[in-house]
Amino acid sequence: MELKYRALEGMHDILPEQSLLWQYVESRWREHCRRYGYGEIRTPILESAELFERSVGETSDIVSKEMYVLQRGEERYALKPEGTAPVVRAYLEHGLYSGGGVQKLYYITPFFRGERPQKGRYRQAHQFGAEIFGAASPLADAELLCMVMDFFMSLGLPADALELRLNTIGCPECRPAYREAVRNFGSENFNRLCKNCQARLERNPLRILDCKECFEITASAPPIDPYLCDDCRAHFEGLQSLLKALEVAYVRDHRLVRGLDYYTRTTFEVVASQGLGAQNALCGGGRYDGLVEDLGGPPTPALGVGIGVERTLLVLQALHAPVPTPPPLDVFVVAFGDAARPVALQIAQQLRRAALATDLDLEGRSPKAQMRLANRNGARFAVLLGEMELAQGIATVKDLHTHEQHAVSQRELSSWIKTRL
Ligand code: HAM
């Protein structure tokens with residue numbers, strides 16, 4: 001058959017067998033967020049394009065090259081290319097700051113980036129996100145990093161397969177001098193930089209630091225440490241001593257500047273040593289203490305993380321971490337003869353309402369073929385309905401493990417089966 005329509009490049013269907021894995025990691029994420037005091041937020045897929053231009057930044061790759069923008073009349077919308085800006089927009093729109101105190105919000109969202117697809121990099125992908133508003137202390141950074149590492153651990157990913165990389169990129173007060181130092185370094189090495197970095201040296205010099213092509217050259221770029229203001233230095237030192245006390249292993253990565261403009265101070269990523277190839281970042285995040293104010297709200301320190309769901313699943317599979325198998329059926333109802341088929345459906349309904357996973361044949365197959373289906377679906381019990389059973393208001397229940405058979409009244413079927421599961 002020649003297919004007329006296919007999913008778009010870089011976009012994927014998730015079929016039932018994979019959905020099981022998705023549901024598993026999603027439920028882990030939800031449970032994890034509950035333990036850390038987060039409430040769920042769901043934001044629309046479409047937002048005004050300007051929201052991302054103002055927050056992620058017009059010079060970022062995400063906005064300048066990858067964003068899907070739709071024009072409708074005068075309005076410009078974007079398919080969300082990330083989850084943080086919409087959450088900040090909602091935080092402001094609903095006045096979530098008005099009660100004071102700390103707000104913790106988590107989400108599971110698709111996002112869209114028109115990148116060149118490859119392993120672990122898609123045009124529609126999904127993120128587990130968490131954002132904390134109103135907490136300036138490094139305690140919040142440390143708690144977020146603990147939550148992220150614990151989450152990966154709870155999925156059975158061994159600590160030695162992951163590396164937490166940590167950096168600080170200072171604040172609007174101290175970063176300009178550092179940016180200048182990196183620009184000078186870039187100018188001195190201009191001819192060795194890739195074309196992309198040569199072009200962005202003027203507008204966004206820090207981005208040369210996380211360019212994979214220029215990795216060897218930027219190894220000798222100046223670190224930020226001597227440029228940090230006292231507050232940024234104290235924050236970063238505070239965070240590092242908390243991580244040591246909490247025994248969260250990390251490596252300092254001077255070049256981790258992240259590709260989104262809203263970050264201040266802490267930036268981090270977790271990379272996987274196996275399963276991802278070139279796209280090895282499982283998650284990324286950091287502080288964005290100026291963003292709420294930039295978008296028109298009160299000064300509000302904030303921080304968060306985005307975890308790539310597809311990449312998490314790739315690593316789980318590569319490391320053969322334990323994953324759930326499809327739950328078997330509890331019951332398969334087998335009709336002997338056409339008269340029994342409507343009763344079989346009624347009984348299946350009765351069992352399903354009693355929370356038993358139940359199936360039956362819908363194609364008019366022979367009893368033998370129905371029994372084969374029951375076995376193939378891994379059903380624990382077959383409920384057999386023939387003329388004799390219909391006449392007496394009973395069912396013959398066959399335990400497909402022990403092959404024992406019992407006559408059970410139709411009315412008591414669900415409780416009889418439940419006590420034997
Ligand atoms: P990000 O680093 O752009 O950060 O994305 C977070 C994670 O999403 C990445 O580490 C990666 O696992 C996954 N990811 C990114 N792009 C793709 C793609 N094309 N295909 C598959 N997976 C991908 C953010 O988006 C920030 N909003 C994170 C954040 C939250 N910062 C503060 N709060």
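Order of appearance sets the numbers: ligands from 1, and atoms from 1 within every ligand. Both backbone and side-chain heavy atoms feed into the values below; hydrogens, waters and symmetry mates do not.
Aromatic rings of F128 and Y107 (six-membered ring for Trp) have centroids beyond the 6.0 Å cut-off, not under it.
The aromatic rings of W29 and F151 stand perpendicular to each other, their planes meeting at an angle above 60°, with 30° marking the opposite boundary.
A donor-acceptor contact under 3.5 angstrom links the side chains of R255 and T218, judged on distance only.
Among pairs with a residue in residues 146-160, those fulfilling side chain to side chain donor-acceptor pair (under 3.5 Å) read Y36-D150, at least two apart in sequence or across chains.
Closest non-hydrogen pair, R42 versus R30, comes out as NH2-NH2, 4.3 Å. L79 and F112 make their closest contact through CB-CD1, 3.7 Å (heavy atoms, listed as atom of the first residue, atom of the second, distance).
Protein residues lining ligand 1, listed by chain and number: E82, T84, F111, R113, E115, G120, R121, Y122, A125, Q127, E131, R258, L260, Y262, Y263, A281, L282, C283, G284, G285, Y288, G304, V305, G306, G308, R311 [non-hydrogen atoms, distance under 4.0 Å].
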